[in-house]
Amino acid sequence: MKEISVNGKKRTDVGKKATRLLRKEGYVPCNLYGEKKNADGLPEALSFAILATDLRKVVYTPHIYVVKLNIDGELHTAVLKELQFHPVTDAIVHIDFFEVNETKPITIGIPVRLNGLAQGVRDGGRMNLSIRKINVTAPYKQIPEFLDVDVTNLRIGKSIKVGELSFEGLEIATPKEVIVCSIKMTRNASLAAATEGEEEAAE
């Protein structure tokens with residue numbers, strides 16, 4: 001996984017008024033969850049804020065990043081856990097981070113990358129990518145930027161399901177029956193198949 005460094009500042013006042021003021025100043029309220037628990041045994045959050053302009057390179061990207069957070073001099077390694085956007089403007093309004101280390105497994109969605117020219121596409125079919133990410137579990141150091149799926153032998157009308165895939169060092173968390181990609185019959189491919197059938201019948 002790629003790494004990226006971001007600076008933040010701690011929040012002592014987490015009320016609505018303080019949060020609105022932060023956003024007016026160009027900051028995004030954030031929480032960092034890790035091993036620390038409160039008296040009820042629930043995860044305890046470290047509240048902080050990051051400039052919205054600094055978050056764009058983390059959020060608006062196809063890559064999955066490990067984020068090196070520097071919060072008032074305290075260093076934390078984390079991944080994005082949850083994003084909240086404004087329903088009208090699509091501006092980032094809140095982010096939750098999850099602290100990670102080199103040994104504890106995490107579950108995270110990794111982008112799928114299709115490799116090869118599928119036989120079904122060569123025959124005139126259309127590739128359909130059903131899911132863009134597959135959830136995997138492993139220590140973050142073992143997690144790749146992409147999950148490569150070989151589609152070379154995939155034919156028209158056939159699909160590849162999650163259960164058919166395996167990746168070294170990774171435990172797949174997405175259900176096995178989920179379809180990753182498939183080849184759909186197109187009008188042109190259907191006509192070509194019909195024409196070919198008529199020619200064979202004539203012979």
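Side chains are part of it too, since the values below use all heavy atoms of this structure and drop only hydrogens, waters and symmetry mates.
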Could you pull out the closest heavy-atom pair between I110 and P144, with the gap in Å? CG2-O, 3.6 Å

Under 3.5 Å, is there a donor-acceptor pair between the side chain of R113 and the main chain of V149? no

Side-chain heavy atoms of R126 within contact of V121, under 4.5 Å: no

NZ or CZ of K9 within 45° of Y27 ring axis and under 6.0 Å: yes

Donor-acceptor pair, T174 side chain versus N135 backbone, under 3.5 Å? yes

Indicate whether any N or O donor in one side chain lies under 3.5 Å from an N or O acceptor in the other, for N31 and S47. yes

Kindly assign one of parallel, tilted or perpendicular to the pair H63 and F146, based on the angle between their ring planes and the thresholds 30° and 60°. perpendicular

State, with a plain yes or no, whether a side-chain heavy atom of K81 is found less than 4.5 Å away from one of F97. no

Exercise: identify the closest heavy-atom pair between T61 and K57: CG2-O, 3.6 Å

Polar side-chain atom of R23 near backbone of V93 as donor-acceptor pair, under 3.5 Å: yes

Shortest non-hydrogen pair, I179 vs S130, comes out as O-CB, 3.2 Å

Output, in order, the C-alpha distance, side-chain angles, deciding distance and verdict of side chain to side chain contact (heavy atoms under 4.5 Å, CB included) for I143 and I108. CA-CA 9 Å; I143 295 177; I108 191 169; 3.7 Å; yes

Should K10 and E74 count as an ion pair when the cut-off is N to O under 4.0 Å? yes

Can you name the closest pair of heavy atoms from Y140 and V100 and give their distance? CD2-CG2, 3.6 Å

Taking every non-hydrogen atom, the tightest pair across T186 and G125: CG2-C, 3.9 Å

